[in-house]
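Hydrogens, waters and symmetry mates are skipped; everything else that's a heavy atom, side chains included, is used.
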Amino acid sequence: GDHFLKPNKMIFFVALIVSAAAFNKEGLKSGLQTTEGQLKLFNQWVNQEHAQYGTQEKKFRFRVFRKHLQEIVAINDAQDDYELDANFMAGLTEEEQQQWYGINITAFPAEIQEAEEADEHLLSMVTADSKLWRQEGKVTAV
């Protein structure tokens, strides 16, 4: 029974290598040239990422993917220092990508409010030495 698993594992491994090779510099560039190529790359990407979308969401994600694909190809063509690829972020909007960069934009207003309150507290401590006690009626004029 064990020898039946080995060929299946080998086929699966070869399929992984082939699917991984689909997203190389030239594969992305040539796929971008036609709508059919774009759809093929998108469907490969969906399968690779195990993404599941409804019809409308899939159309939206395709447009997002295509936009990122154009950016990836342009950056890859402009330099040879590194090569970008279509990873899981290729189907995410800019806002969705920000969540993966460790930037939580929704936290900024609270953090700004906290910083302002801390600044006010510090300023009150710094200016406490110059408090005019006479104005508060604590000390009489000489």
Problem set entry | Within 6.0 angstrom of E94 CD, more than 12 heavy atoms from elsewhere | yes
For this session: Please confirm whether the backbone N or O of D81 pairs with a side-chain atom of Q79, one donor and one acceptor, at under 3.5 Å?
Result: yes
Exercise. Can you name the nearest heavy-atom pair linking L84 to L28, along with the distance?
Worked result: O-CD1, 4.1 Å
For this session: With sequence neighbours excluded, give me every salt bridge (charged side-chain N to carboxylate O under 4.0 Å, His left out) pair touching residues 23-43.
Result: K25-D80, K29-D77
For this session: For F65, check ring-ring contact (aromatic ring centres under 6.0 Å, His included) against everything at least two apart and list the hits.
Result: F42, W45
Problem set entry | By side-chain contact (heavy atoms from CB on, under 4.5 Å) - contacts of T93 (at least two apart) | F60, R61, V64, E95, E96
For this session: Show your working on side-chain contact (heavy atoms from CB on, under 4.5 Å) between Q44 and N47 and close with a plain yes or no.
Result: CA-CA 5 Å; Q44 288 174 338; N47 290 332; 5.8 Å; no
For this session: For F88, check ring-ring contact (aromatic ring centres under 6.0 Å, His included) against everything at least two apart and list the hits.
Result: W100
Exercise. Does some side-chain heavy atom of N43 sit less than 4.5 Å from a side-chain heavy atom of K58?
Worked result: yes
Exercise. Can you find a pair of side-chain heavy atoms, one from Q70 and one from V73, that are under 4.5 Å apart?
Worked result: no
Exercise. Does anything in residues 67-87 pair up under ring pair (Phe, Tyr, Trp, His ring centres under 6.0 Å), and if so which pairs, sequence neighbours excluded?
Worked result: none
For this session: Please report the closest heavy-atom contact between L32 and L41, naming both atoms and the distance.
Result: N-CD1, 4.2 Å
Exercise. Looking only at atom types and distance, does a side-chain atom of N87 sit under 3.5 Å from a main-chain N or O of M89, one as donor and one as acceptor?
Worked result: yes
